[in-house]
Every structure is written in structure tokens, then in C-alpha cells.
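One structure is given here, and the rest of the page talks about it.
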Amino acid sequence: MNFEQARSNMVLNQLRANRIRNSSLIEKIELFPRESLYPKEWKHMAYSDKILFLDDGRFVLPPLTSFHLVQALGEINNDHILEIGSGFGTSTSIMSEFSSNIDCVETSNQMTQVFKDSMEEGLFNASLLDLSIDEFFNNKKIKIQKYQKIIINGSLDEEPIDIIKNASDNAEIVCIIDNKNFKHKIVKYLKVEGNSNRFIIDEASSSYIYKYVQSEPFVF
């Protein structure tokens, strides 16, 4: 497979054609060998516009969704970033071109091992926190006030009220909301003087990374 050609096609047909306009971001994406982040058996999916589902229930977002989320963060100038659902590092690798302060949360053992291998190979720099995705959303073992930008790589069934409430002033939070009010929408929250401004960015192809509303089991 010609990965260089696949990368060029991804940028032209998936990203530029669908409102990824940040020239600095595009430049880094065009140069980065995304396929290097994937295990051998999945390298052929590195530039696919489909969600990649793993056997353990985790997933990798398609490039367009990932980079809409990154673009929504605005200018990254060595900000302290918290990334939830870092996966194989497909977003981390690009954000690390703009910031050396990225903390990541991932639950999948398979993904975290690949993520660590990529860091050892020098593909990007970041820190993996000793925290699961569920623990993060249940406000366990982490204080988020130190982060200027928070990116959540997946859908939520409710707006992340506690995250917004606990974030520092001027923090930017991007995620995907999928419920009766917002169908597959990338949403950005900007906290200013204790208040949150909400911006609807775009539609997204995604899957749930966490559900606040847990269905009760049926009892006979």
C-alpha cells in the first residue's frame, strides 16, 4: 500500500473538502506518517474514513472527526492539554507538534502498549496518566484546573457539566455530544469568568466513549 498517496488523498478528500482549514494543522498532518502509529494488522486502516473498533470495546475515530476536534481547540501554543481517549496517538502525535505538555487517558491495554511503543520510537511526546476513562468521568484521582485545553475523543450522551465546572477559567473543552438535543455534534465549551460559552462546531462520525446515563438492567 502506498501510504504517502493515502495520506495525500486523506488530506485532500477528507480534510480539506470538509472544513479543516487550519494551515499549520494541515501542514503537520501532511508530513506525519500516521500509519506508523498502527499495529501491523491495522496499518491499512490508518487513512480510512471509518471508525476502527477494537475487540476490547475501544475505537479509533476517523481522521476527519479527530482533526475537527483538534482544530476546535484553536491555536495551541505549548498549552497544557488533557486528552481523553488517546487511542493509538493519532491526535496526540499531531498536537505534540504544537505542545510538549500533553497528558493522556486511555483504558485499552492494547492501545496503551502501542502508544508507549510509539513514544519509545520517538514518534511523539506525551504522558499517559494512571487513570481509566471511567475514572476520569467519575472525577477520580485527577484535578483538571491545570489544563488550558481538554479534548475528549468520542461521544457523550450528556454535556460534561462537572468537567466544565471544575475546569480553570479560560479553559477550552471539546467533545462530541450525541443525545436528543445534539445529534453527533462536535461541541466546544469556553469558560470565561466562571461561565461557559457553548459553540456547535460540526457533525461528527463517532461512538460513545462514556455514557452518563446508565441503563438499569431489566428485572423479571
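Using modelled atom types, one side-chain atom of E135 and one backbone atom of S132 make a donor-acceptor pair closer than 3.5 Å. A donor-acceptor pair under 3.5 Å is formed between the side chain of E106 and the backbone N or O of G87. Listed for the K50 side chain is no donor-acceptor partner under 3.5 Å among the backbone atoms of M45. When atom types are taken as modelled, the side chain of D103 and the backbone of L128 share no donor-acceptor pair closer than 3.5 angstrom. Not one N or O on the side chain of S155 forms a donor-acceptor pair closer than 3.5 Å with the backbone of I177. Remark: the backbone N or O of P63 is not paired with any side-chain donor or acceptor of H68 at under 3.5 angstrom. Remark: side-chain polar atoms of T65 are not paired, donor with acceptor, to backbone N or O of L61 under 3.5 angstrom. Between the D157 side chain and the N179 main chain, no donor and acceptor come within less than 3.5 Å of each other. With hydrogens and angles ignored, the 3.5 Å screen pairs a side-chain donor or acceptor of D169 with a backbone N or O of G194. Without hydrogens or angle criteria, K191 side chain to S168 main chain gives no donor-acceptor distance under 3.5 Å.
Listed here is the closest heavy atom pair of A167 and I144: N-CD1, 3.7 Å. In this structure, T92 and A126 approach most closely via the heavy-atom pair CG2-CB, 3.7 Å. Across every non-hydrogen atom of I209 and R58, the tightest pair is CG1-NH1, 4.4 Å. Scanning both residues, S207 and F59, for their nearest heavy atoms gives O-CZ, 3.2 Å. Contact detail for P39 and V114: the closest heavy-atom pair is CG-CG2, 3.9 Å. Pairing each heavy atom of F115 with each of C104, the nearest pair is CZ-SG, 3.7 Å.
No side-chain donor-acceptor contact under 3.5 Å links S86 and N153.
Within a 6.0 Å radius of CG in N125, no more than 12 heavy atoms belonging to other residues, nucleotides or ligands are found.
Under the 4.5 Å side-chain contact rule for hydrophobic residues, I164 and I200 share a cluster. Cluster annotation: I173 is connected to V192 through the hydrophobic network of ILVMFWY side chains, with a link wherever side-chain heavy atoms come within less than 4.5 Å. Linking ILVMFWY residues whenever their side-chain heavy atoms come closer than 4.5 Å, directly or via other members, places F53 and I152 in the same cluster.
Evaluation of the side-chain contact (heavy atoms from CB on, under 4.5 Å) rule for N2 yields E4, Q5 as partners, not counting sequence neighbours. Here F199 pairs with K188, L190, N197, I201 under the side-chain contact (heavy atoms from CB on, under 4.5 Å) rule; sequence neighbours left out. For E158, there are no salt bridge (Lys or Arg N to Asp or Glu O under 4.0 Å) partners at least two apart in sequence or on another chain. Every side-chain contact (heavy atoms from CB on, under 4.5 Å) that H44 has, sequence neighbours left out, goes to M1. Residues forming a salt bridge (Lys or Arg N to Asp or Glu O under 4.0 Å) with E83 (at least two apart in sequence, or on another chain): none. Every residue meeting the side-chain contact (heavy atoms from CB on, under 4.5 Å) condition with S24, not counting sequence neighbours, appears here in chain and number order: N22, F98. Taking Y47 as the reference, nothing meets the ring-ring contact (aromatic ring centres under 6.0 Å, His included) condition, with sequence neighbours excluded. When the salt bridge (Lys or Arg N to Asp or Glu O under 4.0 Å) test is applied to R34, no partner is found at least two apart in sequence or on another chain.
A salt bridge between E35 and K43 is absent, with no side-chain N of the basic residue lying under 4.0 Å from a carboxylate O of the acidic one.
With rounding to the nearest 0.5 Å, the separation of CD1 in I176 from CG in L156 is 8.5 Å. In this structure, CD in Q110 is found 7.5 Å from CG in D55, a value given to the nearest 0.5 Å. Interatomic distance, L73 CG to I150 CD1, rounded to the nearest 0.5 Å: 10.0 Å. With rounding to the nearest 0.5 Å, the separation of CD1 in I51 from CG in L54 is 12.5 Å. Taken to the nearest 0.5 Å, the CD1 atom of I151 stands 10.0 Å off from the CD1 atom of I84. In this structure, CD in Q14 is found 9.0 Å from CG in N9, a value given to the nearest 0.5 Å.
Here the side chains of Q148 and I76 are not in contact, with every heavy-atom distance at 4.5 Å or above. In this structure, the side chains of N101 and I81 stay at 4.5 Å or more apart for every pair of heavy atoms. Within the 4.5 Å cutoff, no side-chain heavy atoms of M111 are placed close to those of D56. F136 has its side chain out of reach of L129: every pair of non-hydrogen atoms, C-beta onward, lies at least 4.5 Å apart. For the pair I163/F137, a side-chain contact is recorded, criterion being any heavy-atom separation below 4.5 Å from C-beta on. Between L64 and I20 there is a side-chain heavy-atom pair separated by less than 4.5 Å.
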Problem set entry | Intermediate values then yes/no, side chain to side chain donor-acceptor pair (under 3.5 Å), D79 and S99 | CA-CA 6 Å; D79 297 295; S99 176; over 6 Å; no
Exercise. Do F124 and L37 pass the side-chain contact (heavy atoms from CB on, under 4.5 Å) test, and can you show the C-alpha distance, the side-chain angles, and the key distance before you say yes or no?
Worked result: CA-CA 10 Å; F124 59 85; L37 302 171; 3.7 Å; yes
For this session: Start with the C-alpha gap between R16 and E30, add the side-chain angles, then the distance that decides, and say whether salt bridge (charged side-chain N to carboxylate O under 4.0 Å, His left out) holds.
Result: CA-CA 11 Å; R16 289 187 183 275; E30 285 179 319; 3.7 Å; yes
Problem set entry | side-chain contact (heavy atoms from CB on, under 4.5 Å) assessment of D134 paired with T107 | CA-CA 8 Å; D134 282 358; T107 294; over 6 Å; no
Exercise. Does the pair D117 and Q113 meet the rule for a side chain to side chain donor-acceptor pair (under 3.5 Å), with working shown?
Worked result: CA-CA 6 Å; D117 291 344; Q113 187 54 58; 3.0 Å; yes
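Applying the salt bridge (Lys or Arg N to Asp or Glu O under 4.0 Å) test to residues at least two apart or on different chains, the pairs with a partner in residues 196-210 are R19-D202, E159-R198, K185-E203. For residues 142-163, the ring pair (Phe, Tyr, Trp, His ring centres under 6.0 Å) pairs, not counting sequence neighbours, are H80-Y147. Applying the ring pair (Phe, Tyr, Trp, His ring centres under 6.0 Å) test to pairs two or more places apart or on separate chains, none has a residue in residues 149-173. Residues in residues 10-40 take part in these ring pair (Phe, Tyr, Trp, His ring centres under 6.0 Å) pairs, two or more places apart or across chains: Y38-F88.
Residue P62 is tested with S48, S205, S206 for a side chain to side chain contact (heavy atoms under 4.5 Å, CB included); the sole match is S205. With respect to I102, the side chain to side chain contact (heavy atoms under 4.5 Å, CB included) criterion is satisfied by exactly one of S93, S91, S96: S96.
Between Y212 and Y210, the gap from one ring centroid to the other is short of 6.0 Å.
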